[in-house]
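Excluded from the calculations below are hydrogen atoms, water molecules and symmetry mates; all remaining heavy atoms, backbone and side chain alike, are included.
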Amino acid sequence: MTQSHRLADGGRIDRNKPLRFQFNGKWYVGYQGDTLASALLANGIHFVARSFKYHRPRGIMTAGVEEPNAIVQLESGPYTVPNARATEVELYEGLTAASVNARPDIEHDRFAFMQYLSRFIPAGFYYKTFMWPRRWWGKYEEHIRNAAGLGTVPREHDPDRYEKTYAYCDVLIVGAGPAGLAAAHTAASTGARVILVDNQSEPGGSLLHTFAPVNGAPARQWLAQITGELASMPEVQLLSRATAFGYQDHNLVTVCERLTDHLPLQRRKGVRERLWKIRAAQVILATGAHERPIAFGNNDLPGILLASAISTYICRFGVLPGRRAVVFTNNDSTYQTALDLHRSGAQVTVVDARAAEDAIVPPLLAEKGIQILWQAVVSHANGKRHIDSVVVRKPDNGAGSEISTHTLPCDLLAVSGGWNPVVHLYAQSGGKPRWQELDACFVPDDQVARQTSVGACNGQFDLAGALDSGVRAGHHAAAALGRQSDHDISWHTEPMPAGNILPLWTTATGRDIARGPKQFVDLQNDVSVSDIYLAVREGYRSVEHVKRYTAMGFGTDQGKLGNINGMAVLAEALGQTIPETGTTTFRPNYTPVTFGAIAGRELGEYFDPIRKSCLHEWHVAHGAVFEDVGNWKRARYYPRNNETMDAAVARECLAVRNSVGLLDYSTLGKIDVRGPDAATFLNRIYTNSWSKLEPGRCRYGLMLDENGMILDDGVNLRLADQHFLISTTTSGAAKVMSWMERWRQTEWPELKVYLTSLTDQYATATVAGPCARKVLQQVCHDIDFDNQAFPFMSFRHGSIDGVAVRILRVSFSGELSYEVYMPANYGRHIWEMLMRAGEPFDITPYGTEAMHVLRAEKGFIIVGQDTDGSATPVDMGMSGMLAQSKDFLGKRSLSRSDTAGPNRKQFVGLLSQDKQTVLPEGAAILNEPAAPGVVPLQGHVTSSYLSPTLKQPIALAMIRNGLSRMQQQVSVALPDGTFAQAHICSPVFYDAQGARQHVQ
């Protein structure tokens, strides 16, 4: 178990803490501080994966989140994690990992033959090949899914816990590299509240693998000093192992913090991941840059790494990935990698695509005798499961002849095609990156939020520029908050002169693109240069279309490594510039986020929020059976002595019809509307008029959406000239509040009106039945309940046992009925007083099921049950609710040809012909017994109950031209395939004149 490629010293690993881990069934040893990738390389393991489509051998290529190849299945059973990037997995004792997309293993992958068929399965082949016969589509899909893919989805219940939290700060800084640290220190020194987010296990960024001095001392010394100072500042919070993956409106940044993934399984306790939603006054993006590769033949062989990744493995992890190295570059940054390799004992040759005068070579490079081949490129790499040589050639001189071609033996190839600033979060905030010709990359342009980009993610790739930009951004953010620093903060490092970059995306030319070895742009999805040229030949011009046709940028790395190169190749194929071609869209999530983190604790019965009225425990104590209505737990019925639901509901209905019942109506939405323009606002929202409603009176209100369809309804109160209280359906409260706020804020900002949700502030008890007035008279002595003093559709203020209450005389049951509004904290006390006062009248609590039966007997609608988003007031027989003297939302849509035309479904009643069959809700209605589709569908049943009052089934329905078809017979399809006969009637089955709710 010797670590054949581990350096004798160096790195930030703890060599006193060896860790055993298993990869593909074999045991290896690494050290505390390793990643799985660095530990594998330390053990000489480069070949770690098979590619997505062609099953080609793939190796570790990067050292960070942009890794396309080293995707592993981590652990097994309930703790398994699919598609983990080995470059981000911190090593721990007993870690177990395996390669994905290889069966039975990567050495003997049964689909390895696919690499030899790559010419016949280019991008999009499945769109054009697997079309006939249609009956084989299922088999095609099965075999394609079996041959291509990544990890395996867990099949067992996830035992880990996840949580969500919210945070607010003055300055949020994403990225704890040199620029981010400088910005955090500067802003925090003014007293600003700072949150610093970084996806690494420790802050430092590029300083973790560089020897550049800061203030004359090694960078690591400055790093230790500044992190110590930040840790001592109470206003600074550092989130390590935390990735900012989304940037939403109004400076809301979502962050996933990994709390226990770096620990052995047996030591993991508590929360595994925490999802942060951070709202910041100012945001500073210091997200760095990704080095990009260059496409050449066989550029996916194991042993080919990004140059910066090699420096990371050497300097941070003490690992030398190879001993005979070639460095292929078009820019100056890779000279440091050449020096790192040479210092570690490797033999190094540099292949630079530029002319010598375009580069600035460190003097130390010449002193070490490192050979540089100028104006040369790597044509292709050789090897089977590991690189063993590269073919180097001079570029074409323009006349079609090559100057020279020769082979360099090697076991390691470092590649650098330049740098791509990480503009993902900037773009998510609404920013549009611009092409910076000097550095051949996209950089942030205009700011569209209260944020700024600094350091490498803003195109400042040198350490001096990064530190300076961080300090300036920290000052600017603090100043925007009205804070000033008491002292000037500056750190000095030697500016590094840089030569010119030679934009180079691929070394393939002419026949090489179609006939030569594959040149991969997106290594994770096996997208090659030839695939992009094929897409262009097939008519694709938009980079977004090419992305989808080729699958470029899909997968776990989301195109971090290949999309810019792919876009540049597309530009060449189209004969246009890179800015003209544009980039693909940068969307959340920046890196994959677990479903557990997104779900948090909202699982199982907690998937939706659970809301309980203040009377919930009373209902529980009295045996209520509950149902979920708009997140609320509502008492559905109260069984006695093992009653069935039908028996309990019948008893409750008859109690309301014959004596008195009590209903918990607390869950109704309640919105306070006040202001000088409150009546004007409601006139625009509702179909009927509110200007002439007198204070102390109630009115039923109906609101429509823009299409003229019923959105919600409820009884509303006018408390004063400029003050209303409106009610909504239980499930529609949040929707209506949002709807009204939308129009108030965005369309009618000139109106002086204010909305406040009061749903949770009031408890409501409905006292319904012939004896309702007598019950209330027992407990409320300061309201005159006489019919003339307290008429229907009015309300009065009074008190019950010293508690101020508001009592409405309204009815959803068709009986004499009152709704008692009281402060929620007194809800149970007053409810129990009402129950005691009703004992002489055998008062009965009734639930939502009885409420539904009672309202159906009266033909009252329930929005969302009898309506489905396609019903207008005219359809529901509510034309009288449409004010002719004013405009309102949805009014113009009611005159459209489809909404005002014939043959619309209309609201009617249904009675079973045999007076026995309860028609199923949702059942299809036809003119004659036949399967739906054989004869035209006429409508459907919306509500259906067995009426204990009428002693027969009743139903409500939407039927085409139903109002003109009274007493006609229709057929209703039953679940067993038979049909029930019913006749159409009025939806009002009981007390059509409304005498009972107006009783003296």
Side-chain angles (χ1 to χ4, degrees), residues 646 649-650 653-654 656-657 700 702 709-710 713 729 811-815 848-881 902-929 932 936-975 979-997:
D646 289 343
V649 171
C653 289
L654 292 174
V656 175
R657 293 288 183 224
Y700 174 73
L702 190 68
M709 306 305 166
I710 294 176
D713 67 346
T729 57
S811 180
F812 196 49
S813 60
E815 298 295 334
T848 56
E849 196 66 25
M851 176 192 72
H852 287 179
V853 176
L854 294 168
R855 65 88 197 175
E857 292 173 344
K858 285 291 295 177
F860 296 148
I861 70 168
I862 291 182
V863 175
Q865 178 168 331
D866 298 301
T867 68
D868 59 0
S870 64
T872 70
V874 178
D875 300 334
M876 305 306 292
M878 305 170 76
S879 301
M881 294 289 295
N903 299 319
R904 287 188 62 82
K905 293 180 182 178
Q906 296 171 332
F907 186 60
V908 294
L910 284 179
L911 288 173
S912 302
Q913 199 75 23
D914 61 6
K915 297 186 179 182
Q916 299 293 322
T917 303
V918 178
L919 305 176
E921 291 184 352
I925 300 174
L926 307 109
N927 285 334
E928 57 188 85
L937 183 68
Q938 298 301 304
H940 67 282
V941 178
T942 64
S943 301
S944 182
Y945 310 97
L946 179 62
S947 168
T949 305
L950 304 175
K951 296 182 173 55
Q952 70 176 60
I954 61 172
L956 302 172
M958 295 294 290
I959 297 180
R960 199 173 305 280
N961 296 319
L963 294 177
S964 63
R965 300 178 60 180
M966 291 297 165
Q967 303 308 315
Q968 289 186 14
Q969 184 171 301
V970 292
S971 297
V972 180
L974 301 180
F979 294 85
Q981 302 306 305
H983 67 266
I984 303 172
C985 63
S986 166
V988 183
F989 300 97
Y990 176 76
D991 187 25
Q993 304 304 316
R996 295 181 68 88
Q997 64 190 19

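- In terms of heavy atoms, Arg855 sits closest to Phe860 at NH1-O, 2.7 Å.
- Residues His983 and Leu910 have side chains not in contact (no heavy-atom distance under 4.5 Å, counting atoms from C-beta outward).
- Nearest heavy atoms, Ser811 versus Gly814: OG-N, 2.9 Å.
- For Val853 against Pro948, the heavy-atom pair with the smallest separation is CG1-CD, 3.9 Å.
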Extract all donor-acceptor atom pairs below 3.5 Å that involve side chains of residues 919-929 and protein atoms in other chains or at least two apart in sequence.
{"unit_1": "Glu921", "atom_1": "OE2", "unit_2": "Ser944", "atom_2": "N", "d": "3.1"}
{"unit_1": "Asn927", "atom_1": "OD1", "unit_2": "Arg965", "atom_2": "NH2", "d": "2.7"}

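- At least one side-chain heavy atom of Phe989 sits under 4.5 Å from a side-chain heavy atom of Leu911.
- For Val988, the side chain to side chain contact (heavy atoms under 4.5 Å, CB included) partners are Ser986, Ala992, not counting sequence neighbours.
- Using a 4.5 Å heavy-atom cutoff, the side chains of Ile710 and Leu702 are in contact.
- For the pairing with Thr942, the side chain to side chain donor-acceptor pair (under 3.5 Å) check across Asp868, Asp866, Thr867 returns one residue only, Asp866.
- Distance CZ/Phe812 to NE2/His852: 7.0 Å, rounded to 0.5 Å.
- Evaluation of the side-chain hydrogen bond (donor to acceptor under 3.5 Å, both in side chains) rule for Ser912 yields no partner, not counting sequence neighbours.
- Take Asp646 and apply the side chain to side chain contact (heavy atoms under 4.5 Å, CB included) test, not counting sequence neighbours, and it matches Thr644.
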Between side-chain atoms of residues 952-963 and protein atoms elsewhere (two or more places apart, or another chain), which donor-acceptor pairs fall under 3.5 Å?
{"unit_1": "Arg960", "atom_1": "NH1", "unit_2": "Asn903", "atom_2": "O", "d": "2.8"}
{"unit_1": "Asn961", "atom_1": "OD1", "unit_2": "Asn903", "atom_2": "N", "d": "3.2"}
{"unit_1": "Asn961", "atom_1": "ND2", "unit_2": "Asn903", "atom_2": "OD1", "d": "2.8"}

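- Contact between Phe979 and Ser971 at its shortest, heavy atoms only, is CD2-CB, 4.3 Å.
- Taking all atoms of both residues into account, the shortest heavy-atom contact from Lys858 to Tyr990 is CD-O, 3.3 Å.
- Atom CE of Met709 sits about 6.5 Å away from atom OG1 of Thr872, to the nearest 0.5 Å.
- At least one side-chain heavy atom of Tyr945 sits less than 4.5 Å from a side-chain heavy atom of Glu849.
- Inter-residue side-chain proximity for Asp914 and Gln981 is flagged as unmet; no heavy-atom pair is nearer than 4.5 Å.
- By the side chain to side chain contact (heavy atoms under 4.5 Å, CB included) test, Gln993 pairs with no residue at all, sequence neighbours left out.
- Met881 has its side chain out of reach of Met876: every pair of non-hydrogen atoms, C-beta onward, lies at least 4.5 Å apart.
- Note that CG of Leu950 and CZ of Arg657 are 8.0 Å apart. Values are rounded to the nearest 0.5 Å.
- Remark: side-chain polar atoms of Arg996 are not paired, donor with acceptor, to backbone N or O of Ser813 under 3.5 angstrom.
- Of all non-hydrogen atoms in Ala980 and Thr917, the two that sit nearest each other are CB-CG2, 4.1 Å.
- Exactly one residue among Lys905, Gln906, Arg904 makes a side chain to side chain donor-acceptor pair (under 3.5 Å) with Asp875. That residue is Arg904.
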